[in-house]
Amino acid sequence: MANVWSANVSFSNGELHLSGISATALAKEFGTPTFFLDEEDFRTRATAWGSALKSSFGANAGNVYYAGKAFLCVEVARWVAQCGIGLDVCTGGELAVAKAAKFPVERIEFHGNNKSVAEINEAVRLGVGMIVADSLFEIDRIASAAKAQGKKQRILLRLTPGIEAHTHESIATAHEDVKFGFSIASGSAWNAVLAVRKHPEIELRGFHSHIGSQILSMDAFGTAADRLIAFLARYRDEFKTELPELDLGGGYGISYLESDEPLLPEIVLPSLHKVVQEACIRHNFGMPKISIEPGRAIVGPTMFTLYEIGTTKKVVLESGATRSYLSVDGGMSDNIRTSLYGAEYTAVIANRKPTASTTSSRVVGKHCETGDIVISDIALSADCVPGDLLAIPATGAYGRSMASNYNHVPRPPVVAIANAKARVIVRRETEADLLGLDV
Ligand SMILES: *Cc1c(COP(=O)(O)O)cnc(C)c1O
């Protein structure tokens, strides 16, 4: 059974505590809903991925780029910089956060499948260490920007190795029929190589693939590495020179439920090294520098969402069984993952010890959508009442970062806790914020 809570969460007398502060005290000080972020746990995980890459790959270790889209704010970008790893951004907005945090530019990697001319100009101007090109248009835009600014820009080409990673369709990214990357099988990847070689302003460093998210087995990474190294070998055979880098993306799965065994860096990276080395031997290719891009695996487990239950309702199902609906003070505006792709979560009553036996329950939000469901089916104590606090673990990735203002609900704050001290790092939106855009 895997632990779904961040490192400094404990339970005493049935009440959840983070770094010794009770859920009741947290709710009283910061309100609900709120994302509580375990800062020490975040730093430990970011550092662990960095050191495991170094110890597993030695001289062939490239960079760990934290995938900022999982969750990014200025303070978190500072922590990432302090932990010695890089940052993957994929829009001008994420790049602006990195800039505000004074993130070391040489450790920034710029992703995305539709980077505008303005975004590319800005990235080249700032001097980001790497741009990952995803279309022929972008190759031209990067070349023009570099030429205009008298620079040479390092890039990787994002390739689609044609892999079905076993995860939800909207988060699998490397089979053929997707918007990302240049397909190896169709020949478009090779055309992109030829296009890049026409531009002296571009330094092609190697290739990239990201095969999907919340992956819980290593097999797909091995297949991806094999196809990319075969492609590197083809490049060497054609042009008599070896490209030095390979970026194998992110996607390492975490525990949302106790039954999900997470891919931990100290286990996963030695096994990634093994599959990359085997592929290199098969294709008679010297091992390139390997980079990776974990997002969820760093931030996901470090946050939980604290909600307050506002209403409850008993519904009789067709089968005659009953279901208890527990409505919380947030919902699909702070966690879209359940309605977007059927993500599963667990939850606990956080403010007290349950006193009743469990009953089939559904945790729903306050939005005007039937699909506004946070947890579709969970056994929770039948004695939940309005005013109880409900904590949902592992909401750090793609929760706050995908939050919306649907129904004009203000987005929740993020409160970081370290050494028993809590501080707001992203404040709660107010109604004034919401009205502030109306002209
Ligand atoms: C989303 C994404 C990641 C991070 O994925 P996780 O599942 O959060 O690890 C890494 N690289 C690219 C290119 C991505 O799009």
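Any value given below was found using the heavy atoms of this structure, including those in side chains, with hydrogens, waters and symmetry copies removed. FYI, the numbering just counts along the sequence from 1. Both counts, for ligands and for their atoms, begin at 1 and track the order of listing.
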For this session: Tell me, please: is Ala397 in heavy-atom contact with ligand 1, that is, under 4.0 Å?
Result: no

Exercise. Can you list the ligand 1 atoms lying under 4.0 Å from a non-hydrogen atom of Pro294?
Worked result: 9 (O)

Exercise. Does ligand 1 have a heavy atom under 4.0 Å from the side chain of Arg296, from its backbone, from both, or from neither?
Worked result: both

For this session: Quick one: look at Val132 and ligand 1, take heavy-atom pairs under 4.0 Å, and tell me if it's side chain, backbone, both or neither.
Result: neither

Exercise. Does a side chain donor of either Arg45 or Tyr66 reach within less than 3.5 Å of an acceptor in the other side chain?
Worked result: no

Problem set entry | Shortest non-hydrogen separation from Ala224 to Ser209 and the atoms involved | CB-OG, 4.0 Å

Exercise. Should one rank Ser401, Gly112, Gly251 by closest heavy-atom distance to atom 9 (O) of ligand 1, which comes out on top?
Worked result: Gly251

Exercise. How far apart are the C-alpha atoms of Phe221 and Asp219, what are their side-chain angles, what is the distance that settles it, and do they pass the side-chain contact (heavy atoms from CB on, under 4.5 Å) test?
Worked result: CA-CA 5 Å; Phe221 288 103; Asp219 307 349; over 6 Å; no

For this session: May I ask whether Ala297 places a heavy atom under 4.0 Å from ligand 1?
Result: no

Exercise. Any idea which atoms of ligand 1 are less than 4.0 Å away from a heavy-atom of Ala67?
Worked result: 3 (C), 4 (C), 10 (C)

Exercise. Taking non-hydrogen atoms only, is Glu293 closer than 4.0 angstrom to ligand 1 via side chain, backbone, both or neither?
Worked result: both

Exercise. For ligand 1, which atoms have a heavy atom of Arg158 less than 4.0 angstrom away?
Worked result: 13 (C)

Exercise. With only distance considered, is Ala70 within less than 3.5 Å of ligand 1 through an N or O on each side?
Worked result: no

Exercise. Considering only heavy atoms, does Ser213 approach ligand 1 within less than 4.0 Å through its side chain, its backbone, both, or neither?
Worked result: both

Exercise. Does the side chain of Met130 reach to within under 4.5 Å of the side chain of His208, using non-hydrogen atoms?
Worked result: no

For this session: Give the ring-plane orientation class for Tyr252 versus Trp49, where under 30° counts as parallel, over 60° as perpendicular and anything between as tilted.
Result: tilted

Problem set entry | Per-atom contacts, ligand 1 versus His111 - under 4.0 Å to a heavy atom | 13 (C)

Exercise. Cation-pi between Arg236 and Phe239: NZ/CZ under 6.0 Å from ring centre and within 45° of the ring axis?
Worked result: no

Exercise. For Tyr398 and ligand 1, does the shortest N/O to N/O distance drop below 3.5 Å?
Worked result: yes

Exercise. Relative to the ring of Tyr406, is the ring of His367 parallel (under 30°), tilted (30 to 60°) or perpendicular (over 60°)?
Worked result: parallel

Problem set entry | Plane angle bin for Phe36 and Phe304 - parallel if under 30°, tilted between 30 and 60°, otherwise perpendicular | tilted

Exercise. Between the side chain of Ser255 and the main-chain N/O of Glu258, is any donor-acceptor distance below 3.5 Å?
Worked result: no

